Number of protein chains: 2
Amino acid sequence: MKLTMYTDYSLRVLMYLGTRQPDEKVQIDEISEYYNISRNHLTKVVHNLAKLDYIHTVRGRGGGIMLKYKPEELNVGQIVRNTEDNFYIAECFRPDNECVLTPICGLQYVLNDALNNYINTLEQYTLQDILPKALMR
Amino acid sequence: MKLTMYTDYSLRVLMYLGTRQPDEKVQIDEISEYYNISRNHLTKVVHNLAKLDYIHTVRGRGGGIMLKYKPEELNVGQIVRNTEDNFYIAECFRPDNECVLTPICGLQYVLNDALNNYINTLEQYTLQDILPKALMR
DNA sequence: GTTTAAGATATATATTTTATACACCTTTAA
DNA sequence: TTAAAGGTGTATAAAATATATATCTTAAAC
């Protein structure tokens with residue numbers, strides 16, 4: 001059971017931006033070098049974060065990215081829910097489910113209950129809570 | 001975020017056995033046909049369940065497998081914890097972790113908290129609770 | 001108005017993880 | 001001795017995930 005790198009990287013980008021001044025523009029290159037992640041891959045993560053309305057991107061010379069909200073306004077649970085796309089805990093959660101038990105078994109209910117508690121826990125935290133305790137340069 | 005088929009199949013085998021009489025031997029072939037899963041693959045799952053002490057296997061002619069404990073004595077959370085081997089939620093949980101944030105960021109604590117609540121929820125259920133409401137033949 | 005520095009996007013490739021297949025071994029009751 | 005059962009190791013396939021390549025678009029600076 002693990003989250004995708006996509007979610008992992010999304011959180012890291014937001015954390016990176018969260019240590020900066022609210023209106024400070026940061027370049028993707030800087031972040032990719034800091035984490036040692038390919039620039040192209042990170043660009044996609046960043047693009048997705050912009051689509052999700054978490055960050056503001058500015059194209060062209062002098063551009064960069066910045067948080068659109070304050071760290072204490074960004075909920076970790078929401079971020080994970082939005083960036084993680086695969087919540088098919090077991091076969092019975094998939095669209096192509098072929099398990100013959102599905103109509104009569106109680107597993108789905110139980111796994112759903114657990115997953116809800118997982119997300120609910122994450123929702124008790126904001127980006128501010130997980131921010132590194134040092135400025136990242 | 002999902003469990004491996006290994007865990008999924010393990011639960012299914014236990015559920016299958018749980019609908020039978022306590023001392024009734026069931027063959028792997030029967031289960032693999034019921035679920036449409038390869039016999040060889042299921043054999044490994046079964047073997048693992050035996051190692052984990054959940055089932056009793058009897059080799060040789062007239063053999064088969066059966067639950068070693070009553071369904072109400074088997075905890076779903078324990079089963080998942082024991083059959084699922086990959087709980088590396090994010091890179092910072094892996095032995096080969098290279099994330100530079102690790103020493104200073106609060107993500108691990110938060111993800112751990114959530115995972116604990118996930119497992120704790122599952123631990124509130126027994127095999128009896130998820131058993132199919134019909135006998136499987 | 002051309003150059004340069006930034007993000008955007010589509011497609012292809014590689015890597016890793018997960019699942020399955022194949023082949024053969026061991027055990028034990030009939 | 002045979003047949004029916006589980007056990008085991010290795011190889012292969014499939015799926016999911018991550019990365020690389022290449023090229024495009026935008027906009028400030030000169």
Side-chain angles (χ1 to χ4, degrees), chain A residues 1-10 12-13 17 24-33 35-52 54-66 68 83-91 93-96 98-99, chain B residues 1-10 12-13 17 24-33 35-52 54-66 68 83-91 93-96 98-99:
Chain A
M1 208 173 80
K2 65 170 187 182
L3 298 168
T4 60
M5 286 268 158
Y6 220 79
T7 298
D8 191 349
Y9 290 172
S10 295
R12 290 200 216 173
V13 168
L17 298 178
E24 188 180 346
K25 271 175 283 188
V26 178
Q27 282 73 53
I28 292 179
D29 272 340
E30 180 182 333
I31 303 179
S32 77
E33 277 165 30
Y35 287 123
N36 232 305
I37 296 170
S38 106
R39 175 185 171 275
N40 301 278
H41 195 210
L42 204 58
T43 297
K44 285 170 190 171
V45 172
V46 162
H47 182 56
N48 187 244
L49 287 173
K51 269 205 309 193
L52 290 170
Y54 289 126
I55 62 175
H56 189 62
T57 65
V58 179
R59 294 173 75 152
R61 189 165 184 158
I65 65 179
M66 62 191 107
K68 208 157 164 184
T83 54
E84 183 74 13
D85 53 354
N86 179 355
F87 277 119
Y88 300 143
I89 308 293
E91 182 177 340
F93 286 79
R94 301 174 52 131
D96 60 344
E98 286 180 353
C99 176
Chain B
M1 208 173 79
K2 64 168 189 185
L3 299 168
T4 60
M5 286 267 157
Y6 221 79
T7 299
D8 191 350
Y9 290 170
S10 294
R12 289 199 217 174
V13 168
L17 298 177
E24 187 180 346
K25 270 176 284 189
V26 179
Q27 284 71 53
I28 291 178
D29 273 339
E30 180 182 333
I31 303 179
S32 78
E33 278 165 31
Y35 287 123
N36 232 305
I37 296 170
S38 107
R39 175 187 169 275
N40 302 278
H41 194 209
L42 205 58
T43 297
K44 286 172 190 173
V45 172
V46 163
H47 181 56
N48 187 244
L49 287 173
K51 268 204 311 192
L52 291 170
Y54 289 125
I55 63 175
H56 189 62
T57 65
V58 179
R59 293 172 76 151
R61 187 164 185 159
I65 64 179
M66 62 193 105
K68 207 157 164 184
T83 55
E84 183 75 13
D85 53 354
N86 179 356
F87 277 119
Y88 300 144
I89 309 293
E91 183 177 341
F93 286 78
R94 303 175 54 132
D96 60 343
E98 287 182 351
C99 176

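Below, read A as the first sequence line, B as the second, and so on, with proteins coming before strands; counting in each chain starts at 1. Everything numeric here is computed off the predicted structure, so don't read it as measured data.
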*Asks:* For the side chain of Q27(B), counting heavy atoms from C-beta on, which of dT25(D), dT17(C), dG6(D) is nearest?
*Replies:* dG6(D)

*Asks:* Could you tell me whether the side chain of E84(A) reaches within less than 4.5 Å of the side chain of T4(A), counting heavy atoms only?
*Replies:* yes

*Asks:* For DNA chain C, determine which residues of residues 36-44 of chain A have any heavy atom closer than 4.0 angstrom to one of its atoms, and list them numerically.
*Replies:* R39(A), T43(A), K44(A)

*Asks:* Of all heavy-atom pairs between T57(A) and I65(A), which one has the smallest distance, and what is that distance?
*Replies:* CG2-CG2, 3.6 Å

*Asks:* Would you kindly give the NE2-to-P distance between H47(B) and dT20(C), to the nearest whole Å?
*Replies:* 19 Å

*Asks:* Measure OH/Y6(A) against P/dT17(D) and give the value in whole Å, please.
*Replies:* 13 Å

*Asks:* What pair of heavy atoms forms the shortest contact from Y6(B) to T83(B), and how long is it?
*Replies:* CD2-O, 4.4 Å

*Asks:* Can you work out whether N86(B) or G62(B) has the more 5'-proximal nearest nucleotide on DNA chain C?
*Replies:* N86(B)

*Asks:* Tell me the bend of the helix from dG1(C)-dC30(D) to dA30(C)-dT1(D) as the angle between end helix axes, each from five pairs, rounded to the nearest 10 degrees.
*Replies:* 0°

*Asks:* Please confirm whether the backbone N or O of G63(A) pairs with a side-chain atom of Q27(A), one donor and one acceptor, at under 3.5 Å?
*Replies:* yes

*Asks:* Rounded to whole Å, how long is the line connecting atom CG of D29(A) with atom P of dT4(C)?
*Replies:* 17 Å

*Asks:* Rounded to the Å, how far apart are I28(A) CD1 and dT19(D) C1'?
*Replies:* 15 Å

*Asks:* Kindly indicate whether the side chain of R12(A), heavy atoms from C-beta on, has any atom under 4.5 Å from the side chain of I31(A).
*Replies:* no

*Asks:* Does dA8(C) have OP1 or OP2 under 4.0 Å away from a side-chain N or O of T57(A)?
*Replies:* yes

*Asks:* Determine whether a donor-acceptor pair (one donor, one acceptor, N or O, separation below 3.5 Å) exists between the side chain of R59(B) and the base of dT28(C).
*Replies:* no

*Asks:* From C-beta outward on T4(B), which listed nucleotide comes closest to its side chain: dA18(D), dA19(C), dA8(C)?
*Replies:* dA19(C)

*Asks:* Could you check if a side-chain atom of N36(A) sits within less than 4.5 angstrom of a side-chain atom of E98(B), using non-hydrogen atoms only?
*Replies:* no

*Asks:* For residues V45(A) and S10(A), report the shortest heavy-atom separation together with the two atoms involved.
*Replies:* CG1-OG, 3.4 Å

*Asks:* Measure from NZ on K51(B) to P on dT8(D) and round the result to the nearest Å.
*Replies:* 8 Å

*Asks:* Quick check: closest heavy atoms across M1(B) and I89(A), and the distance to 0.1 Å?
*Replies:* O-CD1, 3.3 Å

*Asks:* For H56(A) and dT26(D), give me the distance from atom NE2 to atom P, rounded to whole Å.
*Replies:* 16 Å

*Asks:* What integer distance in Å separates L3(B):CG from dA15(D):P?
*Replies:* 20 Å

*Asks:* Roughly, in whole Å, what's the span from OH in Y35(B) to C1' in dT20(C)?
*Replies:* 19 Å

*Asks:* Restricting to non-hydrogen atoms, name the atom on E91(B) and the atom on D96(B) that form the minimum distance, rounded to 0.1 Å.
*Replies:* OE2-O, 4.5 Å

*Asks:* I want to confirm an ordering. Mapping R61(B) and E84(B) to their closest nucleotides on DNA chain C, which one lands closer to the 5' end?
*Replies:* E84(B)

*Asks:* Any base atoms under 4.0 Å from V45(A), or only sugar-phosphate, or nothing? Heavy atoms, all strands.
*Replies:* nothing

*Asks:* May I ask you to say what Y9(B) touches in the nucleic acid, namely base, sugar-phosphate or nothing, with a heavy-atom cut-off under 4.0 Å?
*Replies:* sugar-phosphate

*Asks:* More 5' along DNA chain D: M1(B) or G63(B), using each one's nearest nucleotide?
*Replies:* G63(B)

*Asks:* What are the two closest heavy atoms between Y88(B) and K2(A), and how far apart are they?
*Replies:* O-CB, 3.0 Å

